[in-house]
Amino acid sequence: MNTALYESPLGSYVMAEEDGKLVGLWLMGQKYFPKELPPVGSGEGEIFARTRRWLDRYFAGERPEPGELRLAPRGSGFARQVWGLLLEIPYGQTVTYGQLAKELAQRRGLERMSAQAVGGAVGHNPISIIIPCHRVLGAGGQLTGYAGGLDVKRRLLELEGAALP
């Protein structure tokens, strides 16, 4: 695994790649920041260059698509399903944890699914911003639960022009 820094308007992010795929993008000091990462490297490599361009466009107000990058988030099958749902949330729109749980239950052929379990997977998303966990709100549209902090979540949603509570 190789790592590099990305300086954003919201702070420093650590990018991680393995085999030419992005496996992580974490705000420095965020909740659930990985304990075992190699030292930040030079940042050379195609995936780091593409990720930087993607993030530069995003912070400039453009709408780059996550599919432009080779993503390989690590997690359980359940977590990867939740992260797949996050990738379906359109730019500038939000959903609730309950809505995600209902959608995942339907796709799995279940009567119901725990919104808390879905929230746990959302909170442990290893590729922030690109896999847009910031677009998930609490019941009633409350701004809640973001590993990078609620101020960062609010600023990302404002950048996207999302309706906020």
Side-chain angles (χ1 to χ4, degrees), residues 6-16 22-35 37 51-52 54-165:
Y6 174 78
E7 296 298 336
S8 85
L10 303 177
S12 300
Y13 282 83
V14 175
M15 301 181 288
L22 190 68
V23 297
L25 180 65
W26 304 275
L27 183 62
M28 289 285 263
Q30 76 169 49
K31 189 175 185 180
Y32 310 124
F33 191 86
K35 291 178 175 79
L37 278 180
T51 301
R52 281 190 184 95
W54 193 101
L55 291 166
D56 287 346
R57 290 174 50 217
Y58 176 83
F59 284 113
E62 295 180 31
R63 298 178 181 200
E65 292 293 325
E68 296 173 21
L69 298 171
R70 295 179 65 202
L71 305 177
R74 293 183 180 148
S76 68
F78 175 78
R80 288 194 314 273
Q81 279 188 301
V82 172
W83 301 333
L85 287 177
L86 297 178
L87 288 166
E88 295 176 19
I89 306 169
Y91 181 96
Q93 295 185 29
T94 60
V95 300
T96 66
Y97 294 100
Q99 288 170 311
L100 284 178
K102 184 176 180 180
E103 177 63 26
L104 187 56
Q106 183 179 19
R107 290 184 185 193
R108 288 179 143 207
L110 302 172
E111 213 171 292
R112 18 183 331 202
M113 171 80 51
S114 164
Q116 289 82 7
V118 168
V122 170
H124 284 84
N125 169 25
I127 304 178
S128 62
I129 302 175
I130 298 168
I131 298 178
C133 53
H134 60 277
R135 297 179 187 155
V136 184
L137 304 175
Q142 299 165 316
L143 198 63
T144 184
Y146 189 65
L150 292 183
D151 181 56
V152 171
K153 182 174 189 166
R154 177 178 297 282
R155 290 177 63 192
L156 290 169
L157 291 171
E158 287 171 349
L159 174 72
E160 294 184 14
L164 295 172

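Counting begins at 1 with the first residue of the sequence.
Closest approach of Pro126 and Val23 over heavy atoms only: CB-O, 3.8 Å. When every heavy atom of Gln30 is checked against every heavy atom of Ala147, the shortest pair comes out as CB-O, 3.3 Å. Contact detail for Thr96 and Gly138: the closest heavy-atom pair is CG2-O, 3.5 Å. Across every non-hydrogen atom of Cys133 and Val122, the tightest pair is CB-CG1, 3.7 Å. Taking each heavy atom of Glu7 and Ser12 in turn, the nearest pair found is OE1-OG, 2.6 Å. Residues Tyr91 and Leu159 share a closest heavy-atom pair of OH-O, 3.6 Å.
Judged purely by atom type and a 3.5 angstrom limit, Trp26 has no side-chain atom pairing as donor or acceptor with the backbone of Lys31. Asn125 places no side-chain N or O within 3.5 Å of a backbone atom of Trp83 that could act as its donor or acceptor partner. The backbone N or O of Leu85 lies less than 3.5 Å from no partner atom in the side chain of Glu88, so there is not a single donor-acceptor pair. Proximity of a side-chain donor or acceptor of Lys153 to a complementary backbone N or O of Thr144 within less than 3.5 Å is detected. Panel note: side chain Arg135, backbone Gln93; no donor-acceptor pair is recorded below 3.5 Å. A distance-only check finds a donor-acceptor pair linking the side chain of Trp54 to the backbone of Glu65 [under 3.5 Å]. A donor-acceptor pair is defined here as one N or O able to donate and one able to accept, closer than 3.5 Å; no such pair exists between the side chain of Glu62 and the backbone of Arg57.
Taking CG from Leu150 and CG from Leu143, the interatomic distance works out to 5.0 Å, rounded to the nearest 0.5 Å. Taken to the nearest 0.5 Å, the CG atom of Leu137 stands 4.5 Å off from the OG1 atom of Thr94. One finds the CD atom of Glu160 at 10.0 Å from the CD1 atom of Ile89 (value rounded to the nearest 0.5 Å). One distance of note links CG of Leu104 with CG of Leu110; it measures 7.5 Å at 0.5 Å rounding.
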Original post:
For Phe33 and Leu27, what are the C-alpha separation, side-chain angles and deciding distance, and is it a side chain to side chain contact (heavy atoms under 4.5 Å, CB included)?
Top reply: CA-CA 8 Å; Phe33 191 86; Leu27 183 62; over 6 Å; no
**OP:** Determine, stepwise, if the pair Leu156 / Phe59 fulfils side chain to side chain contact (heavy atoms under 4.5 Å, CB included).
**Re:** CA-CA 9 Å; Leu156 290 169; Phe59 284 113; 4.1 Å; yes
**OP:** Evaluate side chain to side chain contact (heavy atoms under 4.5 Å, CB included) for Val82 paired with Tyr97, printing each intermediate quantity in order.
**Re:** CA-CA 10 Å; Val82 172; Tyr97 294 100; over 6 Å; no
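Pro66 places none of its side-chain heavy atoms less than 4.5 Å from the side chain of Ile131. Using a 4.5 Å heavy-atom cutoff, the side chains of Leu55 and Ser8 are not in contact. No side-chain heavy atom of Met28 sits less than 4.5 Å from a side-chain heavy atom of Tyr13. Side-chain contact between Leu100 and Leu86 is present, with heavy atoms from C-beta onward closer than 4.5 Å. Using a 4.5 Å heavy-atom cutoff, the side chains of Ile130 and Tyr58 are not in contact. Between Ser128 and Tyr146, some side-chain heavy-atom pair lies under the 4.5 Å cut-off. Using a 4.5 Å heavy-atom threshold, the side chains of Arg107 and Gln81 count as separate.
Atom CZ of Arg108 has more than 12 heavy atoms from other residues, nucleotides or ligands within 6.0 Å.
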